[in-house]
**Q** 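Take a look at this one; I'll ask things after.
We name chains A, B, ... by the order of the sequence lines, and we start the count at 1 in each one.
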There are 4 protein chains.
Amino acid sequence: MVAKEEKRIEILKAAIKVFSEAGIEGATIEEIAKEAGIGKGTVYEYFESKNTLFQEMVCYSGKRFLEELVPVIEQGDNMLEKLRLISQFYARFLKNHLDIFNSLMTGYSLSETMRSQLLKEMSVISQAVEDMIRVGIQTLELRANVNPEIAAACILGGIHSYAIKKIFSDGYGPDEIDHEGIAKALLTGLIW
Amino acid sequence: MVAKEEKRIEILKAAIKVFSEAGIEGATIEEIAKEAGIGKGTVYEYFESKNTLFQEMVCYSGKRFLEELVPVIEQGDNMLEKLRLISQFYARFLKNHLDIFNSLMTGYSLSETMRSQLLKEMSVISQAVEDMIRVGIQTLELRANVNPEIAAACILGGIHSYAIKKIFSDGYGPDEIDHEGIAKALLTGLIW
Amino acid sequence: MVAKEEKRIEILKAAIKVFSEAGIEGATIEEIAKEAGIGKGTVYEYFESKNTLFQEMVCYSGKRFLEELVPVIEQGDNMLEKLRLISQFYARFLKNHLDIFNSLMTGYSLSETMRSQLLKEMSVISQAVEDMIRVGIQTLELRANVNPEIAAACILGGIHSYAIKKIFSDGYGPDEIDHEGIAKALLTGLIW
Amino acid sequence: MVAKEEKRIEILKAAIKVFSEAGIEGATIEEIAKEAGIGKGTVYEYFESKNTLFQEMVCYSGKRFLEELVPVIEQGDNMLEKLRLISQFYARFLKNHLDIFNSLMTGYSLSETMRSQLLKEMSVISQAVEDMIRVGIQTLELRANVNPEIAAACILGGIHSYAIKKIFSDGYGPDEIDHEGIAKALLTGLIW
DNA sequence: AATGAATGAGAGTTCATTCAT
DNA sequence: TATGAATGAACTCTCATTCAT
């Protein structure tokens, strides 16, 4: 039956919502179950424990994020366009999934095994951006001496940092952010 | 008496240690009290609640971070040197205070009032970097059309992201990171 | 159909195994069902509840024990032989069914109605031994002034106590126990 | 302060009462706390877990039983008197502490470590009776070829078995039991 | 001012039982 | 008839907080 897998997804989605709103520890299994429209015990039919559920939720989110990120990257015609789209996509995702992002970015508050698993997940996303950089170098759009690893960190970190600030500090909506500005800044750097 | 304020600081330092090691929820008041060498009840003479203590600890950490960051910035003779020093300082700080950093960066897992307070704290740090940018523009070291706010986000976010990856994913020590590389990358950008 | 009764027995046997290994509360219906090779819900087609199942399992065990005990008693040619065989049989049974024995001996942890039912079961076993005593008195093998009830208690209690000690404390196998010794001790008493 | 140890004892006494009435698993920490007149959490200030509490309760009971048994044994002028007193003492103790007795006798439903600890406890009681036997042999009151270990098992097992039957099956009070009869039976055995 | 014993609300988790299939 | 997914009551245990000393 597909239903079994579908209900797993339902619970994962409920978990994303509740974890994102209440934080890792603030979230309760009861709340997640209620959100999923099922009984508390049912959660344990699908996930071994709260920790496992959280873990799998982050992995699921990471995969989802990556799945959606890749076409976004491919969509842009040039590097500026690509960075602008990434920033936009990132801001929209962030708006809904702050907690998951924290986890993906830092492995915060997780057991050692969970953290390493998550960093692996995150590194896949980083890899996707690094690949984009390498293609840009090959097409001569980017300077040859750019270090893809460092560049990917600047791109993801810069976009993240700016989006956080504008959304949570200045109260901007995800689409009010100056995506063009951050994209240009990353491309041109600070000096002349 | 100064003693009162000194003991407050003692508790805050103990809180930094315990929160950083055990996470927000994993930390217990009892452990913090033991670390500070006082009784459990005494903590409540100085802080209203665990939440308050956490809040004030993050503010304290933010102020400390800023206090130490400013001379670091002033120390560098040119912009490349400044950015290199910031990255180095950041990595060292991060190594010891992952949890606090998460809070500073995102206001994670905090009440709305706490979050806004923290973002204000964070924006002070951002301001310091923006000021550095503005000075760089005035001295013609940086391009005139650089947006200081975006630049500060790229600098802090990029440094953060890269440090996280190298320290927690690749197991680097804070001083093994290529601080020069990230500084150059931020300055020169990706194109040309 | 006989099949119905046969499946009942299958479940009872599975219950004996699981209850004996995991204890009354440690045993789960799911485990018993798996042991019996059926679905969890099916157990409830044959037994009203876990308590009922446990109850009936003990009765079944009591009957089985008695069914096997009687020929053992009849097998011995004289009283010493009989007691030796009882001790041997008891030790073997005990090795596999500690929990059931506790219940049979004491009605431990059971509801009042269950306990009285079990004690009745146990008294049947005691009766069988008492009958053996009476026969011994009639054949002049035993002293005329022996109280059969007390004697049966001494025999079953003494054998039980000794077997428990040697098997669970000293790690003896059921056949390494000095069955001859305990049989003689019960026959000859302590004085003279 | 003595108060700390005293409260421990209070909790142990409450545990004896509740465990004896409700069984190991039927007993709840909340009920024990209520019985002791304290809060639920307080129990955990004195005992690590429910299992630990149960364990320590059984040890405490074993020690108490032994402490009281020894003077009872010494009190009797001859072996018949001693056995009669033991039976009487046993029946009274049993009336109040059925569960503890089961544990002492068999280590029922306990973890391996707990069981071995308990069997050690029980063997101390057995030792006390064995010592009594040895003294009896030395004073020529008992036959020289009596095996003290087997004899102790017969005495404790026989007394236990008989007391259980009369109290729980026939509804006797502890003092209505024919203690003299069981004592004589154990001494004189069945033959002759 | 400082303490730590006492507390109890609230969490994660288990599992006997039900019931739609 | 047989099933096992779903359930939720009830459990153990944690720990922020209180308050008498």
Side-chain angles (χ1 to χ4, degrees), chain A residues 1 3-4 7-8 11 25-34 36-54, chain B residues 1 3-4 7 11 22 25-34 36-54, chain C residues 1 3-4 7 11 22 25-34 36-54, chain D residues 1 3-4 7-8 11 25-34 36-54:
Chain A
M1 210 198 313
K4 192 89 194 236
K7 188 166 280 187
R8 250 186 79 92
I11 296 172
E25 307 287 336
T28 69
I29 294 290
E30 193 148 28
E31 187 63 25
I32 291 169
K34 200 189 293 174
I38 58 175
K40 197 190 346 179
T42 308
V43 174
Y44 287 87
E45 295 286 323
Y46 294 83
F47 301 92
E48 219 174 41
S49 68
K50 186 186 179 182
N51 260 334
T52 307
L53 172 56
F54 178 73
Chain B
M1 214 198 308
K4 186 97 191 213
K7 190 170 277 189
I11 297 172
E25 304 288 332
T28 68
I29 293 291
E30 190 149 28
E31 187 62 23
I32 291 169
K34 201 192 290 175
I38 59 174
K40 197 181 359 172
T42 309
V43 174
Y44 285 86
E45 298 290 325
Y46 293 83
F47 300 93
E48 216 175 43
S49 68
K50 188 187 178 181
N51 261 334
T52 308
L53 172 56
F54 178 73
Chain C
M1 212 200 308
K4 185 98 193 216
K7 190 169 278 190
I11 297 172
E25 304 287 333
T28 68
I29 293 291
E30 189 149 29
E31 186 63 24
I32 291 168
K34 198 191 294 174
I38 60 174
K40 199 181 359 172
T42 310
V43 174
Y44 286 86
E45 298 290 325
Y46 293 84
F47 300 93
E48 215 174 44
S49 68
K50 187 185 179 181
N51 262 333
T52 309
L53 173 55
F54 178 73
Chain D
M1 214 197 308
K4 191 92 194 229
K7 188 166 279 188
R8 250 186 81 90
I11 297 172
E25 307 287 336
T28 68
I29 293 291
E30 192 148 29
E31 187 63 25
I32 291 170
K34 200 190 292 175
I38 59 175
K40 196 193 342 178
T42 309
V43 174
Y44 287 88
E45 296 285 325
Y46 293 84
F47 300 93
E48 219 174 40
S49 68
K50 187 185 179 183
N51 260 334
T52 307
L53 172 56
F54 178 72

**Q** Near Glu30(B) CD, under 6.0 Å, is it more than 12 heavy atoms from other residues, nucleotides or ligands?
**A** no
**Q** Reading DNA chain F from 5' onward, which residue's closest nucleotide shows up sooner: Gly41(D) or Ser49(B)?
**A** Gly41(D)
**Q** Starting at CD of Glu25(B) and ending at P of dG10(E), how long is that distance when rounded to a whole Å?
**A** 15 Å
**Q** Rounded to the nearest angstrom, tell me the gap between atom NZ in Lys50(D) and atom C1' in dC13(F).
**A** 12 Å
**Q** Nearest whole Å is fine: how far is dA16(E) P from Glu31(C) CD?
**A** 11 Å
**Q** Might you point out which heavy atoms bring Tyr46(B) and Lys7(B) nearest each other, and give the distance in Å?
**A** OH-CD, 3.2 Å
**Q** Given dT13(E), dA2(F), dC13(F), which nucleotide is nearest the side-chain atoms of Tyr46(C)?
**A** dA2(F)
**Q** Of the non-hydrogen atoms in Ile11(B) and Ala36(B), which two are nearest, and what is the gap between them?
**A** CA-CB, 4.3 Å
**Q** Tell me: CD of Glu30(A) to P of dT14(E), nearest whole Å?
**A** 16 Å
**Q** Which atom pair, heavy atoms only, marks the closest approach of Ala27(B) to Ala22(B)?
**A** N-CB, 3.7 Å
**Q** For Ala33(A), answer base if it contacts any base atom (sugar-phosphate contacts may also be present), sugar-phosphate if it contacts only those atoms, and nothing otherwise; contact means non-hydrogen atoms under 4.0 Å.
**A** nothing
**Q** Could you tell me how far apart Ile32(B) (CD1) and dT14(F) (C1') are, to the nearest whole angstrom?
**A** 15 Å
**Q** Hunt down the Watson-Crick or G-U wobble partner of dT17(E), both distances under 3.5 Å, from any strand shown, or write none.
**A** dA6(F)
**Q** Answer with base, sugar-phosphate or nothing: what part of the nucleic acid does Lys40(D) contact at a heavy-atom distance below 4.0 Å?
**A** base
**Q** Hey, which sits more toward the 5' end of DNA chain F by its nearest nucleotide, Glu48(B) or Gly37(A)?
**A** Gly37(A)
**Q** Could you tell me how far apart Asn51(B) (CG) and dC15(F) (C1') are, to the nearest whole angstrom?
**A** 14 Å
**Q** Taking CZ from Phe47(C) and C1' from dT17(E), how many angstroms apart are they, rounded to a whole number?
**A** 16 Å
**Q** If you assign Thr42(D) and Thr42(A) each to the DNA chain E nucleotide with the nearest heavy atom, which residue ends up on the more 5' nucleotide?
**A** Thr42(D)
**Q** Quickly work out the Ile11(B) CD1 to dT3(E) C1' distance and round it to whole Å.
**A** 13 Å
**Q** From the list dA6(E), dA6(F), dT3(E), which nucleotide is the closest neighbour of the side chain of Glu45(A)?
**A** dA6(F)
**Q** Side chain of Thr28(B) only, heavy atoms from C-beta on: which candidate in dG12(E), dC15(F), dT18(E) is closest?
**A** dC15(F)
**Q** What's the spacing between Ile32(A) CD1 and Lys40(A) NZ if we round to 0.5 Å?
**A** 12.5 Å
**Q** Which nucleotide in the list dT18(E), dT13(E), dA16(F) gets nearest to the side chain of Tyr44(A)?
**A** dT13(E)
**Q** Between Ala27(A) and Ile29(C), who's closer to the 5' end of DNA chain E by nearest nucleotide?
**A** Ala27(A)
